[in-house]
Participant: 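Here it is: the structure, laid out below.
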Amino acid sequence: MTLDEALADALADAEHAVDLSGSDPARALALARTVLASLPASCRAGAPEGGAAARLAGCGHCEAEAVAHRALAVAARELGDLPFAEERLRRAVRIALSAGLPHRAAQARLSLVHVRTELGHPEQALAVAADAEPGLTPAEVGKLGVHRAVALARLGRYREAVDHCDRAVPVLGGDVRFLAGAMLNRGLARVFLGEFGAAEADLSRCAELARDAGLEHVLALAEGNLPFLAARRGDLPAAFSAYRRAEDILVGYPERLATVRCDLAEALIAAHLPGEARVLLEMAVPELAAAGAGTALAEALLLLARVELRTGDPRRARESAELAARELAAQGRAVLAPVAEEILLRARLALDPPSAELPATMLSCADALDAAGHRDTSAALRLTSAEVSLGLGDRPAAEHQLALLARSGRGVVALQATALLRSLAGDRRGAFAAVLAGLAEVGAGTRTFEDPVVRAHAARAGEPLAGFGLALAMRTGRGRAVLTWAERWRAVTGGAGRPLAPRPAALRAALGESVLVEFVRHEGDLVAVVVTRDRVTLRRLGPFPAVAEATVRLRYGLRRTHLLDGRAPEPGAEAAELERLLFGPLRDRLGDRPLVIVPTGTLHTLPWPLLPMNADRPVTVAASAAAWLAGRRAPAVRDGRVAAVPVAVAGPGLRYAEAEARMVGGCHRGTERVAARRAEVMAALERADVAHLAAHGMFSPRSPLLSSIDLDDGPLMAYDLLRLRTPPGLVVLSACDAGMAHAPADGAPLGLAGTFLSLGTRCVVASLVPVRDEETLTLMTAFHGALAAGDPPARALAVASGKTGVAGFVCFGCGDRPPTAGRE
């Protein structure tokens, strides 16, 4: 072989390595290294001056070397090593320019555009693209457009990104790899633009091209972005399912997987799910830092700061926002800088008393947010500035700012400003009207969300407004007014779409001999509204933190008791103390009548039947008075059912689950045994009116949507249940912690039980603590015996607990109507 032939082979191999880098980066790396090793040492970069002289002569070695370094870089970029990729591309540019090969230098710059973007320099990447373009062929300019689209999207210029991909597609010809990349980048930009149908078409086309061409890595990227698209669409079950697949597909590509996690987290934040987003971001940030992915890291830190603030962690939010601000400043991304500043100001307000200069600083930041196009964030910050001014005693400044916001007419913030302004002027009726209009707007905005988690978190935008309405109601001193405004807020968070409250007369008539107690938090205190057949009464109970702490202690003691921890404190003393705090001022209104409880905050986790006064008393826990009333009015058997059947499921790993399922069949005629597999259980839940699931349970406090019960083929999570269209009327979750809930807002307890209830299940019986297998069988045997004898669920549970002494289970929803299906 001649020298010319050897050089031609080396160049061909180097170019093949470039082509291979997209489909098989590991092989591309190996091939590029082989090419470099085959070149004479005197011609390689870093060689003595003689080598440089040879390159200056334009020898063929230099071309092969430049292309091989580019291949190394592109492959390294695919594998997530961005700093190495940049170093190799810059070397390729130097070698090509030294050898008088401007086309090869332009090709290396073309690849450098994407790498510089991901390293955190999208503006510089666009400058590199401008340098490269004159030296490229028309087809390569199309490839450059695909890379430019990534930089533009990182800068929030999504429409321009789409335009570049549009122009690229016709000139890419048969280059499947870049054509698939154009579809991928255009699809992602369209997701941000809210063009979901077009985005799905692009991502599907990308996957199709990649699959046909064997581009497994590009295929993984296309499928890895489906969770982002699904979450942006509001289809969270599909988002989590797609995310699971992405985790499997992207094994070995940690930077890519981290990017997918960030994309999904951003969509979850948009869907008002900060807890779920935080879990993903805390996994993604270290991976992005390790990969040197500066652009994605800065954005991830900013997202993390926001979710830390929203999840009540202002110190961590401040730290993350400061890191994000430094990264963004270094990257010249001025459009996001005021967003970091706004988070810092809110963290400062949460951590320290407001200073005299804080309102002016907030207004300055609001101006910057306006200039950068973040108008909703700006308006909210201006309202906070007015509230801070009011707290500092500067009423003229507050009223000036409120008047500006009210005149702006921009959504809920304007209505909140109007309500506050009218209240300051002594116009309580007008203030109530503005609050009601604001809650109606919040309700209308959340009505489209079928997912109760999304709906509850989205509604939290109206929480300050609802709190203001409640404060106005408290000033009346009337129980009816407080009940009405508390219920209006619970209706919004619970998905009614409108701030409706039940009529007290209708509620009293439905209660009969029962008593309803609705607990409400107001400015750190707990109050109770007691509704009986003859009147509505308002009682103040004292500081809420004392009640919350006692609830935690009670549950802790009960958990340890159930786990047979010999050192466990007896829960009896805590139960008596809670009874004193919660019901001491109410006892004269309760007697020994059945009780309907509407909890608030931590009280959603209180095992109410454990309180001494509730021994043998039917107790039902509801998300709102309206929800209980709706359950009370619902038909006992769903429309269209002729002969409903109970179903029983025995999950894996429990000693007595099978016996429990057999027991259920013995109590209820026609009980269907269902295999403990997700598909079979979901199908059974669609056709059953009574469902009993005996299985291991797990509650996820930070992500209640991920709470689950174990089945043979994996966990059945709360978000899986969202697919149910006709859930059972009565569900018994015989599992640890299955009744636990996290309530981001009153009226929306989230967890397994809360999900069933939000879908239309009338009653759920479940435990708030770990339960022992054999004791659960004993309790459930007594419970189903009473149920089969005709007792409604709440009474049946009271009877069973009294007979067996097994505590921890609670009846949720409407538990004072007996199920009719399958009863002997």
Side-chain angles (χ1 to χ4, degrees), residues 19 21-25 74-75 77-80 82 110-111 113-115 117-118 122 125 129 139 142-233 239 242-243 245-246 249-250 253 255-264 266-267 293 295-296 299:
D19 294 337
S21 58
S23 58
D24 193 340
V74 179
R77 188 269 162 275
E78 296 299 324
L79 293 170
L82 293 168
L110 184 158
S111 300
V113 171
H114 191 193
V115 174
T117 298
E118 296 306 315
K143 296 178 181 179
L144 185 67
V146 175
H147 287 327
R148 268 181 168 144
V150 179
L152 289 165
R154 289 295 189 187
L155 292 166
R157 296 158 62 179
Y158 305 116
R159 182 55 63 196
E160 292 175 67
V162 169
D163 291 344
H164 273 278
C165 290
D166 285 345
R167 287 195 292 273
V169 169
V171 300
L172 288 174
D175 192 326
V176 176
R177 181 181 161 206
F178 270 87
L179 195 57
M183 295 295 108
L184 180 69
N185 295 341
R186 190 170 68 181
L188 286 174
R190 282 175 163 166
V191 173
F192 281 105
L193 292 169
E195 299 169 356
F196 299 129
E200 184 174 22
D202 280 342
L203 292 177
S204 299
R205 179 63 177 149
C206 172
E208 181 183 338
L209 288 168
R211 191 178 294 111
D212 291 346
L215 298 172
E216 295 298 326
H217 186 55
V218 181
L219 175 62
L221 288 177
E223 295 193 347
N225 280 293
L226 291 177
F228 176 59
L229 170 62
R232 278 272 173 171
R233 269 181 159 163
Y243 172 66
R245 292 196 300 274
I249 292 169
L250 292 173
Y253 300 99
E255 180 256 343
R256 294 289 194 188
L257 181 56
T259 302
V260 169
R261 284 172 172 153
C262 289
D263 289 342
L264 179 56
E266 184 170 0
T295 300
E299 293 172 7

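Quick note: residue numbers are just sequence positions, from 1. Since the structure is predicted, the reported quantities are computational estimates derived from the model, not experimental observations.
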Participant: Holding to salt bridge (Lys or Arg N to Asp or Glu O under 4.0 Å), I want the full list of residues that pass it with Asp166, two or more places apart in sequence or in another chain.
Facilitator: Arg186

Participant: Return the set of residues passing side chain to side chain contact (heavy atoms under 4.5 Å, CB included) with Ala151 (not counting sequence neighbours), or none when no residue passes.
Facilitator: Thr117, Pro122, Ala125, Leu126

Participant: What are the two closest non-hydrogen atoms of Ala168 and Gly142, and how far apart are they?
Facilitator: CB-O, 3.2 Å

Participant: Can you name the closest pair of heavy atoms from Ala199 and Gly187 and give their distance?
Facilitator: CB-O, 3.4 Å

Participant: Who are the ring pair (Phe, Tyr, Trp, His ring centres under 6.0 Å) partners of Tyr158, not counting sequence neighbours?
Facilitator: Phe192

Participant: Can you give me the closest heavy-atom contact between Ala149 and Cys165, atom names plus distance?
Facilitator: CB-SG, 3.6 Å

Participant: Determine, step by step, whether Arg177 and Asp19 satisfy the side chain to side chain contact (heavy atoms under 4.5 Å, CB included) criterion, reporting the C-alpha distance in whole Å, the side-chain angles of both residues, the deciding distance to 0.1 Å, and the verdict.
Facilitator: CA-CA 9 Å; Arg177 181 181 161 206; Asp19 294 337; 5.6 Å; no

Participant: Can you name the salt bridge (Lys or Arg N to Asp or Glu O under 4.0 Å) partners of Asp175, sequence neighbours left out?
Facilitator: Lys143

Participant: Under the rule for side chain to side chain contact (heavy atoms under 4.5 Å, CB included), what residues qualify as partners of Ala75, not counting sequence neighbours?
Facilitator: Ser21, Pro25, Ala28, Leu29

Participant: Sequence neighbours excluded, which residues qualify as salt bridge (Lys or Arg N to Asp or Glu O under 4.0 Å) partners of Arg157?
Facilitator: Glu160

Participant: How would you list, by chain and number, every residue that makes a side chain to side chain donor-acceptor pair (under 3.5 Å) with Ser111, sequence neighbours excluded?
Facilitator: Arg70

Participant: Does Glu208 pair with Arg211 as a salt bridge, N-O distance under 4.0 Å?
Facilitator: no

Participant: With sequence neighbours excluded, what pairs up with His147 under the ring pair (Phe, Tyr, Trp, His ring centres under 6.0 Å) test?
Facilitator: His114, Phe178

Participant: How many angstroms lie between atom CG of Leu229 and atom CG of Leu188, to the nearest 0.5 angstrom?
Facilitator: 9.0 Å

Participant: How long is the gap from CD on Glu78 to CG on Asp24, to the nearest 0.5 Å?
Facilitator: 11.0 Å

Participant: Among residues at least two apart in sequence or on other chains, which ones pass side chain to side chain contact (heavy atoms under 4.5 Å, CB included) with Thr259?
Facilitator: Arg154, Glu255, Asp263, Leu288

Participant: What pair of heavy atoms forms the shortest contact from Val146 to Gly181, and how long is it?
Facilitator: CG1-C, 3.8 Å

Participant: Quick check: closest heavy atoms across His164 and Gly145, and the distance to 0.1 Å?
Facilitator: CB-O, 3.7 Å

Participant: With sequence neighbours excluded, what pairs up with Arg190 under the salt bridge (Lys or Arg N to Asp or Glu O under 4.0 Å) test?
Facilitator: Glu195, Asp202

Participant: Suppose we screen for side chain to side chain contact (heavy atoms under 4.5 Å, CB included). Which residues come up paired with Leu179, at least two apart in sequence or across chains?
Facilitator: Val169, Leu172, Leu209

Participant: Closest approach of Arg77 and Leu82, non-hydrogen atoms and distance?
Facilitator: CG-CD2, 3.8 Å

